[in-house]
Amino acid sequence: MNHKNTQIVTEDLKYIWHPCTQMKDHETLPLIPINRGEGVYLYDFDDKPYIDAISSWWVNIFGHVNKHISARVKIQLDTLEHVLLAGFTHKPAVELSEKLVKLTPKGLEKIFFADNGSSAVEVALKMSFHYHRNHGEKRSLFLSLSNSYHGETIGALSVGDVELYKETYAPLLIACIQTPVPKNQTIESAEEAIIELDEILKEKGSEISAFIIEPLVQGAGNMHMYHPLYIKKAKMLCEKYGIHLIADEIMVGFGRTGTMFACEQSEVTPDFMTLSKGLTGGYLPLAVVMTTNDIYNAFYCDYSEQKAFLHSHSYTGNPLACAAALATIELFEATDVIGENRKKSAYILEKLQKFKSLKNVKEVRQTGMIAAIELKGYKSEERIGLKVYQHGLDNGVLLRPLGHIVYFMPPYIITYEEIDKMIDTAYDAIIKL
Ligand SMILES: Cc1ncc(COP(=O)(O)O)c(C=O)c1O
């Protein structure tokens, strides 16, 4: 590491407690200081490039320092940096809301702003509970899929099911039960999981406020994937029992799964849709909860009736973030991003075939611009993912396996040559394990 890289790392470790990290690991695993970004690349202070194969925690869809998004944010910076959204409004929020209503499945007509994914999940949970309350019903139980992930705040953690993050905080969590996620991407496993969902709803349906799902792909849950039919049938069952369906599209929204929103593949309009991450192209924190007029109207009455949704965050609907989101949507409007992604994902799938014959590979799976290789034959203490991570860094590719799952979720602007480098580097890492 050169002098500048080392200096920043030393200063960092004096002060910063990093997210989702056992800090002691950094005694042996160096932090990577990043000086600048451009397109699919991040550069350290030595100007060593790394292909960002995970879109910086799944947020960056059009590359780093994207000219169009940067220009839009710069104009906004000189116009209005922030104003509270209670009692006030601004043009970027209004324009963005109008665009989102047009883009998302028909029937989602109202937008509540938040400022990160977990907060959006909290909003959807609270709104669902409150909707039933405003209708005179007390439904204090939530339902989610086994192996799901919805964020780290207490409510969001409660509806998640990844033991590693959740177990410690069990005494603090709100009531939530899980129904089995379909085992794989086949129609048969979707049908089986629907039968299990039906059983749960027969027993508990009247207590459940909302069923929250990550449509098609469970991100932090090892990039587990399932068939769109499950969502279609789950929505019908939810309607039967008066339960809201919350589609958490925080990771899968904005073209990641091959359609603009994953729910489109099931032809479903959920009661709530949460969006964040790709919403601002990975520039600024912003999240929205989209919902129906029916839900909105359940809160609309005289103040004295005490039915209002009194929830807020200081940076709700920040104008700079809204400008970044508008610029991101303009990039989708300017070219056939989804069509190009389909070609790239077909190419990625073809390249992944060679992994299938490796002795330590259990499964290769893909949905749109998300591809995953599940390794087998290792104990969790071996921390096999770290070895792949290290090999990637040594060779200029930022891979960040989830345990024994090596996955690719690159920015959409990745070229075919860069795809080759990203996948071949992972291949070399896996054959050397
Ligand atoms: C599906 C899903 N929901 C919610 C979240 C939480 O978002 P945030 O990290 O912005 O709080 C994540 C984050 O990875 C996610 O993947």
Side-chain angles (χ1 to χ4, degrees), residues 18-21 52-61 112-128 142-162 164-166 169 173-174 176 178 181 210-226 230-231 245-257 261-263 270 272-290 311 313-318 321 324-325 328 367-370 372 400-403 405 407-409:
H18 286 261
C20 210
T21 300
D52 186 354
I54 57 157
S55 299
S56 282
W57 257 349
W58 321 338
V59 299
N60 187 295
I61 54 179
F112 193 94
F113 281 95
D115 50 18
N116 65 74
S118 302
S119 301
V121 170
E122 299 285 336
V123 167
L125 298 176
K126 283 177 69 181
M127 257 186 197
S128 171
F142 290 96
L143 179 67
S144 65
L145 286 173
S146 57
N147 189 51
S148 55
Y149 179 87
H150 297 285
E152 302 290 348
T153 52
I154 296 295
L157 196 60
S158 305
V159 293
D161 186 41
V162 179
L164 177 68
Y165 308 127
K166 188 168 174 174
Y169 307 101
L173 305 179
I174 60 172
C176 182
Q178 274 76 46
V181 66
F211 178 30
I212 181 166
I213 59 168
E214 290 160 274
L216 303 185
V217 184
Q218 295 184 310
N222 286 343
M223 297 296 158
H224 182 76
M225 302 177 186
Y226 61 91
Y230 180 78
I231 303 170
L245 181 70
I246 305 174
D248 176 353
E249 295 232 8
I250 286 168
M251 181 195 77
V252 293
F254 295 97
R256 196 41 92 176
T257 64
F261 299 100
C263 278
F272 297 95
M273 184 186 263
T274 53
L275 299 172
S276 187
K277 293 197 186 270
L279 171 63
T280 64
Y283 263 64
L284 287 154
L286 186 72
V288 295
V289 179
M290 311 219 21
H311 180 110
H313 300 285
S314 312
Y315 284 100
T316 287
N318 172 261
T328 302
T367 300
M369 287 295 275
I370 308 174
R400 200 169 190 273
L402 289 156
I405 312 293
Y407 72 91
F408 308 103
M409 215 195 280

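Numbering of ligands and ligand atoms starts at 1, following listing order. Because only heavy atoms are used, hydrogens play no part in the values below, and waters and symmetry mates are left out as well, while side chains stay in.
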Check: every ligand 1 N/O to protein N/O pair under 3.5 Å:
{"from": "ligand 1", "atom 1": "3 (N)", "to": "Asp248", "atom 2": "OD1", "distance (Å)": "3.4"}
{"from": "ligand 1", "atom 1": "3 (N)", "to": "Asp248", "atom 2": "OD2", "distance (Å)": "2.6"}
{"from": "ligand 1", "atom 1": "10 (O)", "to": "Gly117", "atom 2": "N", "distance (Å)": "2.8"}
{"from": "ligand 1", "atom 1": "11 (O)", "to": "Ser118", "atom 2": "N", "distance (Å)": "2.8"}
{"from": "ligand 1", "atom 1": "11 (O)", "to": "Ser118", "atom 2": "OG", "distance (Å)": "2.6"}
{"from": "ligand 1", "atom 1": "14 (O)", "to": "Lys277", "atom 2": "NZ", "distance (Å)": "3.0"}

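Heavy atoms from other residues, nucleotides or ligands lying under 6.0 Å from OH of Tyr407 number more than 12.
Legend: residues meeting ring-ring contact (aromatic ring centres under 6.0 Å, His included) with Phe142, ordered by chain and number and at least two apart, are absent. With sequence neighbours excluded, the residues that form a side-chain contact (heavy atoms from CB on, under 4.5 Å) with Ile154 are Ser158, Leu172, Leu173.
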Item to complete: Mind running side-chain hydrogen bond (donor to acceptor under 3.5 Å, both in side chains) on Ser56 and Asn60 for me, showing each step along the way?
Response: CA-CA 6 Å; Ser56 282; Asn60 187 295; 5.8 Å; no

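Arg256 is not listed as a side-chain neighbour of Trp58, based on a closest heavy-atom distance of 4.5 Å or more.
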Atom pairs and distances, donor-acceptor, side-chain atoms in residues 210-218, under 3.5 Å, two or more places apart:
{"from": "Glu214", "atom 1": "OE1", "to": "Tyr149", "atom 2": "N", "distance (Å)": "2.9"}
{"from": "Glu214", "atom 1": "OE2", "to": "Gly219", "atom 2": "N", "distance (Å)": "3.1"}
{"from": "Gln218", "atom 1": "OE1", "to": "Asn147", "atom 2": "ND2", "distance (Å)": "2.8"}
{"from": "Gln218", "atom 1": "NE2", "to": "Ser146", "atom 2": "O", "distance (Å)": "3.0"}

